[in-house]
Amino acid sequence: MTSTVRAVTPNVDAGKLLTGAQFADAFRVEIGAMAMNAREACVRMVLNGPRWIDALLRLRNILVRPFGLKTSGQGAPAPGGMIGLFPVLSETPERLVAGFDDSHLDFRIVVDVSGDAASRQVTSTTLVRTHNLLGRTYLALIMPFHKLVVRNMMGRIVEPVR
C-alpha cells in the first residue's frame with residue numbers, strides 16, 4: 001500500500017502536552033484498513049527509516065556535542081520505555097506522546113491513530129518550546145530537514161516491516 005503524506009493543521013492541545021510551545025506542525029498518512037495502534041505506528045516511523053536519516057542524525061550528534069546538547073533521551077523520564085532515541089511519556093492505543101526536555105529546547109512527538117476500521121489515518125504532530133537563542137537558532141536550522149525527515153518517516157508506516 002502506498003499513501004501520500006500530507007501536511008495538516010495540528011489538532012492537539014499544545015498547552016496540555018507542552019505548555020508554551022512556540023512551534024507546531026503535523027503530517028498525516030492514510031493507512032486504510034490496516035490494524036495499527038499508536039505505538040506500532042511510532043515504531044514503524046522511528047525504527048524503519050532509511051540510512052540517510054541515520055546519517056543525518058549521526059552528523060547532528062557530532063555537531064551539537066560541543067554545545068552540551070543531548071544526543072538522545074536516554075536517562076530522561078520514560079514511563080512507557082524508549083522507542084529509538086525517544087522516551088515515551090504517555091500512551092494509549094490511539095495516542096503516543098514521546099520527547100524530552102533539554103537546555104536549549106523541549107519537544108514532543110504526538111502520534112495519533114484515528115478513523116474507523118475501513119478508513120484509518122495516522123497523524124504525527126511535533127511540538128517545540130525553545131529556551132534561549134541556541135534553541136531558536138537550532139530550530140531555524142533544523143526545520144528544512146525536519147519536514148523532509150518526518151514526511152519520509154510517515155511514509156514508512158504503510159510499508160511492510162523489514
Side-chain angles (χ1 to χ4, degrees), residues 1-54 56-57 60 70 72-73 76-102 105-130 135-136 138-162:
M1 173 180 195
T2 60
S3 243
T4 302
V5 177
R6 57 189 169 91
V8 296
T9 302
N11 186 20
V12 297
D13 184 351
K16 190 174 182 182
L17 295 166
L18 186 62
T19 303
Q22 300 133 320
F23 170 83
D25 72 0
F27 294 88
R28 179 172 295 145
V29 64
E30 304 292 328
I31 62 170
M34 285 179 77
M36 185 176 304
N37 63 32
R39 176 172 283 270
E40 183 179 354
C42 189
V43 165
R44 284 174 176 247
M45 286 172 57
V46 173
L47 301 182
N48 198 26
R51 290 187 197 149
W52 66 265
I53 290 178
D54 293 336
L56 270 180
L57 189 56
R60 176 249 180 230
K70 293 180 182 178
S72 82
M82 300 278 290
I83 296 179
L85 306 172
F86 306 115
V88 176
L89 304 175
S90 66
E91 177 180 8
T92 67
E94 296 80 28
R95 172 175 278 179
L96 183 138
V97 179
F100 57 90
D101 301 343
D102 203 349
L105 59 77
D106 306 334
F107 76 96
R108 301 293 181 268
I109 300 167
V110 184
V111 178
D112 287 305
V113 178
S114 60
D116 59 35
S119 179
R120 300 174 59 78
Q121 56 195 16
V122 177
T123 304
S124 177
T125 304
T126 303
L127 302 170
V128 179
R129 174 180 59 213
T130 61
R136 290 185 296 279
Y138 178 84
L139 185 61
L141 292 174
I142 203 73
M143 249 336 91
F145 299 104
H146 163 78
K147 291 176 187 295
L148 180 65
V149 168
V150 173
R151 282 182 182 276
N152 191 283
M153 291 170 68
M154 292 289 294
R156 301 291 174 158
I157 292 172
V158 296
E159 294 180 3
V161 178
R162 294 184 252 154

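For reference, positions follow the sequence shown, starting with 1.
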Item to check | salt_bridge(Asp102, Arg129) N-O dist < 4.0 Å | outcome: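 Judged by the 4.0 Å cut-off on N to carboxylate O distance, Asp102 and Arg129 do not form a salt bridge.
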Note, [X] side chain near [Y] side chain (heavy atom, < 4.5 Å):
| X | Y | result |
| --- | --- | --- |
| Arg6 | Glu30 | yes |
| Val113 | Asn37 | no |
| Met45 | Arg156 | no |
| Leu17 | Arg95 | yes |
| Val5 | Met153 | no |
| Thr123 | Asn11 | no |
| Val88 | Arg39 | yes |
| Val128 | Gln22 | no |

Which value, rounded to the nearest 0.5 Å, describes the distance between [X] atom [atom1] and [Y] atom [atom2]?
| X | Y | atom1 | atom2 | value |
| --- | --- | --- | --- | --- |
| Arg44 | Met34 | CZ | CE | 4.0 Å |
| Cys42 | Asp112 | SG | CG | 11.0 Å |
| Asp116 | Gln121 | CG | CD | 9.5 Å |
| Leu18 | Asp13 | CG | CG | 11.0 Å |
| Thr125 | Ile109 | OG1 | CD1 | 10.5 Å |
| Thr130 | Tyr138 | OG1 | OH | 13.0 Å |

For a quick test of reading the model, state the closest non-hydrogen atom pair linking [X] to [Y] and the distance between them.
| X | Y | result |
| --- | --- | --- |
| Phe23 | Met143 | CZ-SD, 3.4 Å |
| Ala98 | Phe86 | CB-CB, 3.9 Å |
| Pro10 | Ala26 | CA-CB, 3.8 Å |
| Leu105 | Gly135 | CD2-O, 3.9 Å |
| Val111 | Ala38 | O-CB, 3.6 Å |
| Met154 | Phe27 | CE-O, 3.4 Å |

Checklist entry - Step by step, would you call Asp101 with Arg108 a side-chain contact (heavy atoms from CB on, under 4.5 Å)? => result CA-CA 9 Å; Asp101 301 343; Arg108 301 293 181 268; 3.0 Å; yes
